[in-house]
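Below is one structure, written out as structure tokens; comments come after it.
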Number of protein chains: 2
Amino acid sequence: MSDKNQKQFRSGCPVSSSLDLIGDKWSLLIIRDMFYFHKRTFKEFSSSPEKISTNILSNRLNQLENMKIIQKNQFKDNKKSFAYTLTESGLCLIPTIIEILIWGDHNLQDLNPGLFDLGISDLKNNQVAKENYISKIRESYLKKLPHSLAPLTN
Amino acid sequence: MSDKNQKQFRSGCPVSSSLDLIGDKWSLLIIRDMFYFHKRTFKEFSSSPEKISTNILSNRLNQLENMKIIQKNQFKDNKKSFAYTLTESGLCLIPTIIEILIWGDHNLQDLNPGLFDLGISDLKNNQVAKENYISKIRESYLKKLPHSLAPLTN
DNA sequence: CCGGATCCGTTTCGATACTG
DNA sequence: CAGTATCGAAACGGATCCGG
């Protein structure tokens, strides 16, 4: 896991430890990819259109694991591949990220060509719809988890 | 405003333009300082405990202004100082950032020594209280704005 | 003094090549 | 497939300088 020359979250500043995490584009993107697009493996993450490079990806996965936001698992049948899954803390980030996306959808439209619409436009100012949407995503995430996973405690 | 050697948000990636903004620690911190601590001037921002350096601060203020999240104003009586204020888009970020802080408060307590408590612990799972809290912050922000500000269109 | 701009050494990123 | 190693490029942090 040698992580010289790699970003270390500083934390320890008042209030800002969460901003340290959220204030990192790649961590955010990884988590979004997990609950939105059900990505789980290293390969899947590295093939997102935002093109995270493998060393950064590796670094962020370790970091998120240390913060207990994600968990690294083995497939019982395939020892060569690993599946990263959201912990409960990670799942609790769903509303937060949805909130961010809704904001962006309404306030950055000029920057955001809406290449693919996640259908969140209508959620603003509709609390009930928003909560429904969020719990759907959470359930869908949990339902689609492979059964054959064993946590890795390396 | 020459911004060589300075971070340029990439945007243009699908969905992620909002994550480009939010996924930047300093922008986030500046906005938090604005609505939470009513900071407005260059000096006030640069004296936050997170110690943003002046070149980075300058860069982010310009960036946020370009995105129309903040606005640069002159004091009518004091031409030497400028006041940065939140636009409507900026104000709409309040719920988002609160959401982030609530999450951090509940999920990163080990990292977050709670040096100063913003009193958001109880808002989780209490939608009504949360909305109240948010509108209080928004109103308080607007109420405390200096009256003697004139927008700057440089 | 205030709001930056500029310079410079250090850290982190990003792209790609490489390894078990 | 899941990472590591490497290296040039970009961003950062700190200090200093400067016009108003």
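Each chain gets a letter, A, B and so on, in the order its sequence line appears, and its residues count up from 1. None of the values given here were measured: they were computed from a predicted structure.
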Candidate nucleotides D:dC12, C:dG3, D:dT4, ranked by approach to the side chain of B:Ile56 - the nearest: D:dC12
Check: B:Tyr84 and B:Lys72 side chains under 4.5 Å, non-hydrogen atoms: yes
Spacing between B:Phe82 atom CZ and C:dA5 atom P, to the nearest angstrom: 11 Å
Any A:Ser58 side-chain nitrogen or oxygen under 4.0 Å from OP1 or OP2 of D:dT4: yes
Side chain to side chain contact (heavy atoms under 4.5 Å, CB included) between A:Glu88 and A:Leu91, intermediate numbers included: CA-CA 5 Å; A:Glu88 181 56 28; A:Leu91 289 167; 3.7 Å; yes
Separation of atom CG in A:Leu57 from atom C1' in C:dA15, rounded to whole Å: 14 Å
Separation of D:dG3 C1' from A:Ile52 CD1 (nearest whole Å): 13 Å
D:dC1 OP1/OP2 closer than 4.0 Å to side-chain N/O of A:Ser81: no
Salt-bridge criterion met for A:Lys25 and B:Asp24 (N-O under 4.0 Å): no
Check: A:Trp103 side chain, B:Gly90 main-chain N or O, donor-acceptor pair, under 3.5 Å: no
Protein-nucleotide distance (B:Glu50, atom CD; D:dG14, atom C1'), rounded to Å: 17 Å
Minimum-distance nucleotide to A:Lys43 side chain [options: D:dG3, C:dG4, D:dA2]: D:dA2
Phosphate OP1/OP2 of D:dC12 contacted by B:Arg60 side-chain N/O (<4.0 Å): yes
Smallest separation among heavy atoms of B:Ser81 and B:Thr41, with atom names: OG-CG2, 3.9 Å
Contact under 4.0 Å: A:Lys7 side-chain N or O vs C:dG14 OP1/OP2: no
Angle between terminal axes - the helix from C:dC1-D:dG20 to C:dG20-D:dC1, 5 pairs each end, rounded to 10°: 20°
Below 4.0 Å: OP1/OP2 of C:dT12 and any side-chain N or O of A:Trp26: no
Backbone of B:Ser121 reached by a side-chain donor or acceptor of B:His106 within 3.5 Å: yes
Considering only nitrogen or oxygen atoms on both sides, find all protein atoms under 3.5 Å from nucleotides 16-20 of chain C and state each distance.
{"from": "C:dT16", "atom 1": "O4", "to": "A:Thr54", "atom 2": "OG1", "distance (Å)": "3.4"}

Chi angles and distances behind the side chain to side chain contact (heavy atoms under 4.5 Å, CB included) call for B:Leu21, B:Leu64: CA-CA 9 Å; B:Leu21 166 74; B:Leu64 290 169; 3.7 Å; yes
Nearest-angstrom distance from the residue atom CG of B:Leu152 to P of C:dG3: 13 Å
Minimum-distance pair of heavy atoms, taken over all atoms of B:Arg32 and B:Ile97: N-CD1, 4.4 Å
Closest to side chain of B:Phe42, choosing from C:dT12, D:dA2, C:dG4: C:dG4
Full working for side chain to side chain contact (heavy atoms under 4.5 Å, CB included) between A:Cys92 and B:Asn107: CA-CA 8 Å; A:Cys92 290; B:Asn107 297 92; 4.2 Å; yes
